4 protein chains.
Amino acid sequence: MVSEHGKAGRPRSEQARAAILHAVDDLLVDVGYGAVTLKGIAERAGVSRQTIYRWWSTKAEILLEASAIDARQELDIAPQDGPVAEITAYLDALRTFLTNSDAGAAYRALLGEAQHDSAVRELLLSSDPIGDSAATVLSRALPDDVLALPRSRAVSSLVGPTFFWVLSGRDPAAMNTHDLALEFIRTAAPSHASD
Amino acid sequence: MVSEHGKAGRPRSEQARAAILHAVDDLLVDVGYGAVTLKGIAERAGVSRQTIYRWWSTKAEILLEASAIDARQELDIAPQDGPVAEITAYLDALRTFLTNSDAGAAYRALLGEAQHDSAVRELLLSSDPIGDSAATVLSRALPDDVLALPRSRAVSSLVGPTFFWVLSGRDPAAMNTHDLALEFIRTAAPSHASD
Amino acid sequence: MVSEHGKAGRPRSEQARAAILHAVDDLLVDVGYGAVTLKGIAERAGVSRQTIYRWWSTKAEILLEASAIDARQELDIAPQDGPVAEITAYLDALRTFLTNSDAGAAYRALLGEAQHDSAVRELLLSSDPIGDSAATVLSRALPDDVLALPRSRAVSSLVGPTFFWVLSGRDPAAMNTHDLALEFIRTAAPSHASD
Amino acid sequence: MVSEHGKAGRPRSEQARAAILHAVDDLLVDVGYGAVTLKGIAERAGVSRQTIYRWWSTKAEILLEASAIDARQELDIAPQDGPVAEITAYLDALRTFLTNSDAGAAYRALLGEAQHDSAVRELLLSSDPIGDSAATVLSRALPDDVLALPRSRAVSSLVGPTFFWVLSGRDPAAMNTHDLALEFIRTAAPSHASD
DNA sequence: CAATAACCGAGACGGTACGTCACGTCTTAGC
DNA sequence: GCTAAGACGTGACGTACCGTCTCGGTTATTG
């Protein structure tokens with residue numbers, strides 16, 4: 001019988017890997033980011049600390065790997081009927097992601113680390129689930145010829161207000177995503193503003 | 001003779017307080033937020049650790065007290081000639097604050113903590129240098145009768161794009177604050193958009 | 001009230017110190033030298049690991065401090081009537097020390113370490129309970145004018161045979177200390193050999 | 001064809017065995033006993049750790065096998081002309097072995113282990129290069145009829161002083177082997193003392 | 001000449017102790 | 001009653017080896 005990994009030596013335990021990623025998720029929810037500890041992850045996962053160090057070098061890396069897929073899924077909304085509905089649905093998803101999702105909690109924690117750790121900054125920027133998802137939605141809702149500003153700036157204008165609202169600690173329930181969507185379209189595609 | 005603070009015993013040392021706040025600032029610049037440590041502050045300030053614990057309960061509190069005044073100053077811009085200039089100047093100040101200022105580094109660090117520590121969240125929201133300064137500039141540049149959306153949402157639309165741009169790790173130099181200002185005015189005060 | 005140590009700060013806990021030294025002794029007897037662990041000492045003593053590191057830098061240092069006083073006591077025999085009795089009594093004490101005493105077990109363990117750790121070598125040589133006690137007994141039993149060889153070599157001739165016998169793993173019960181004493185005197189003080 | 005080891009399957013690799021023993025010797029000299037590690041041996045020998053565990057159960061066993069033959073050779077001196085020369089030559093060899101020889105370093109390390117590990121004690125006693133070599137020299141230098149004490153005690157008297165001198169950390173250069181030999185003969189064979 | 005059996009290297013696994021660091025608390029002496 | 005000094009217990013850090021356990025491959029002997 002031939003194993004798939006092709007290299008000599010005992011192959012990496014997929015079970016251990018899954019247990020670790022799962023444990024990180026659980027702990028983040030249970031005890032909060034500050035109290036997530038490599039020791040704690042190891043114990044919760046039933047895995048030795050050394051096994052974690054073998055495959056990840058920082059807490060942030062594990063967290064990112066544990067949440068990246070979920071993050072993309074949660075921000076990947078189904079196509080809607082018309083730009084306003086599209087944008088509104090996306091802003092709803094973004095708000096939910098940032099406030100009520102485990103993956104979102106991980107994202108916010110990583111974003112915090114990124115502010116004083118350039119390694120995490122790179123890591124996060126290379127993943128960038130918000131930027132990517134916003135760009136996707138945007139290209140679907142507003143074609144190039146109606147967009148009055150560069151895509152990258154349009155992304156910031158789309159997600160920025162919600163991003164600031166939530167991260168600065170304002171009440172997410174007080175946001176009106178439909179109005180926000182209208183305002184965004186007024187900025188980014190004035191010709192569509194009357195739709 | 002009667003002391004001013006009214007209580008018996010040795011009064012609080014103003015010298016120690018200043019030394020601590022100064023040490024926090026220095027350390028933040030020198031070693032970065034991650035390595036700012038209560039032990040380190042105490043040593044740099046020539047103060048005992050107990051003295052710090054007597055007056056502050058968390059690292060975040062000290063950091064906030066050490067940076068709040070600077071933050072307000074740096075975001076308090078001189079009045080400009082016309083809304084566009086006003087908004088542009090403010091966005092410049094905001095970008096500089098978030099990227100090149102010690103107080104801004106402290107703010108970003110605290111914002112990171114706030115994502116997983118509700119006590120810091122409250123603390124930061126009660127200070128809110130960005131929200132306050134944006135509101136001030138806004139009321140100066142765009143009177144109520146030309147503002148097409150609620151003030152609180154206007155604040156988010158004003159600072160949100162820049163906020164997201166910087167905190168998500170994008171290159172600050174690639175921002176065009178003048179265009180950003182124009183876009184904001186198009187959103188918030190369509191009647192002024194032709195100015 | 002004035003404390004004795006004269007320095008500022010919390011004074012060293014004599015209770016912790018005693019508990020540590022006691023725990024080392026206990027552990028050495030219970031689990032053997034190889035299994036004596038700093039972690040184990042700390043737990044047995046009800047003391048934090050850090051407290052141990054604060055005052056000692058190696059396991060050997062603790063062990064030496066814990067056993068040095070006992071070692072000297074056990075090798076300090078009461079004066080006897082005549083050289084032969086004196087030497088015999090000393091060799092008995094030495095054998096008991098090396099085979100049946102906790103302090104002796106510590107000494108043998110340290111001697112082992114000293115064979116491949118020069119720091120321990122120095123430490124042990126500076127304490128040297130066997131050399132010192134042998135010299136004392138020797139000067140009491142055989143005055144200078146009857147001693148046919150240098151004191152330092154006499155010490156080696158006195159303790160060497162027993163030392164080798166025990167450390168090389170030979171059966172201590174098969175030693176005849178009285179005959180050993182006679183042989184030593186024949187070597188060191190031929191003029192007394194007929195006593 | 002019939003293999004020598006009699007069993008089916010691939011025979012033990014003599015090359016691996018030699019590489020391991022050689023690596024142990026090298027490491028002992030290079031990094032000192034304390035830092036000799038099974039992992040290190042395996043890497044230095046270019047051998048897997050499992051291969052070592054297959055054939056030896058402890059570090060001590062490998063060390064003994066690696067040094068036993070050398071030890072015997074170094075302590076097996078050429079016959080000399082007369083008892084004094086014989087004994088002196090042997091003590092010289094013994095001193096050199098214990099202080100300047102790789103095999104001697106291994107022996108001292110094992111002796112240290114033997115003090116707190118009875119398995120090593122047995123192992124070492126069953127090899128006993130010092131006891132054996134001393135007995136050989138002794139029987140050559142002093143026939144039974146001139147020996148005033150049992151052979152086993154004579155062995156201790158012969159090697160004990162040197163053994164203690166070296167292992168207790170005293171300066172080997174300060175030993176006078178010729179005088180030591182004379183003293184030994186005075187003890188063990190008084191009738192020859194005038195030779 | 002295949003099948004079998006025991007070896008070999010590589011390397012991941014769960015453990016355990018290491019020595020260090022910062023934490024928050026405490027107990028002194030001094031002002 | 002505040003201060004500096006500094007020891008205390010606690011607990012996570014990242015590292016090093018331990019002994020065990022798969023893996024893919026490699027020899028020899030045996031049927």
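Please read all numbers here as calculations on a predicted model, not as lab measurements. Numbers restart at 1 for each chain; the letters A, B, ... are given by sequence-line order, proteins then strands.
- With contacts defined as side-chain heavy-atom distances shorter than 4.5 Å, the pair B:Tyr107/B:Leu124 qualifies.
- Note on B:Gly46: only backbone sugar-phosphate atoms sit closer than 4.0 angstrom, heavy atoms only; bases stay farther off.
- The shortest distance between the side-chain N/O atoms of D:Arg12 and the OP1/OP2 oxygens of E:dC8 is not below 4.0 Å.
- Of the residues near DNA chain E, C:Lys39 and D:Arg54, the one whose nearest nucleotide (by heavy atom distance) lies more toward the 5' end is D:Arg54.
- Residue C:Thr51 has no polar side-chain atom (N or O) positioned under 4.0 Å from OP1 or OP2 of F:dA7.
- At F:dC18, one or more side-chain N or O atoms of D:Thr37 fall inside 4.0 Å of OP1 or OP2 (strictly under the cut-off).
- Remark: D:Ser48 is not in phosphate contact with E:dG11, judged by side-chain N or O atoms under 4.0 Å from OP1 or OP2.
- Along DNA chain F, the nucleotide nearest A:Gln50 and the nucleotide nearest C:Ala16 are compared for position; the residue whose nucleotide lies closer to the 5' end is C:Ala16.
- For a distance-only test at 3.5 Å, the side chain of A:Arg10 fails to qualify as a donor-acceptor partner of the base of F:dC23.
- Distances shorter than 4.0 Å separate some side-chain N or O of C:Trp55 from OP1 or OP2 on F:dC8.
- Between A:Arg17 and A:Trp56 there is a side-chain heavy-atom pair separated by less than 4.5 Å.
- The residue among A:Val36 and B:Ala45 whose nearest nucleotide of DNA chain F is located toward the 5' end is B:Ala45.
- When each of C:Leu38 and B:Leu38 is assigned the nucleotide of DNA chain E bearing its nearest heavy atom, the one mapping closer to the 5' terminus is C:Leu38.
- Remark: side-chain polar atoms of D:Glu113 are not paired, donor with acceptor, to backbone N or O of D:Ala109 under 3.5 angstrom.
- The base of E:dG24 is paired with the side chain of B:Arg49 by a donor and an acceptor separated by under 3.5 Å.
- If you take OH of D:Tyr53 and P of E:dC7, they are 18 Å apart, rounded to a whole angstrom.
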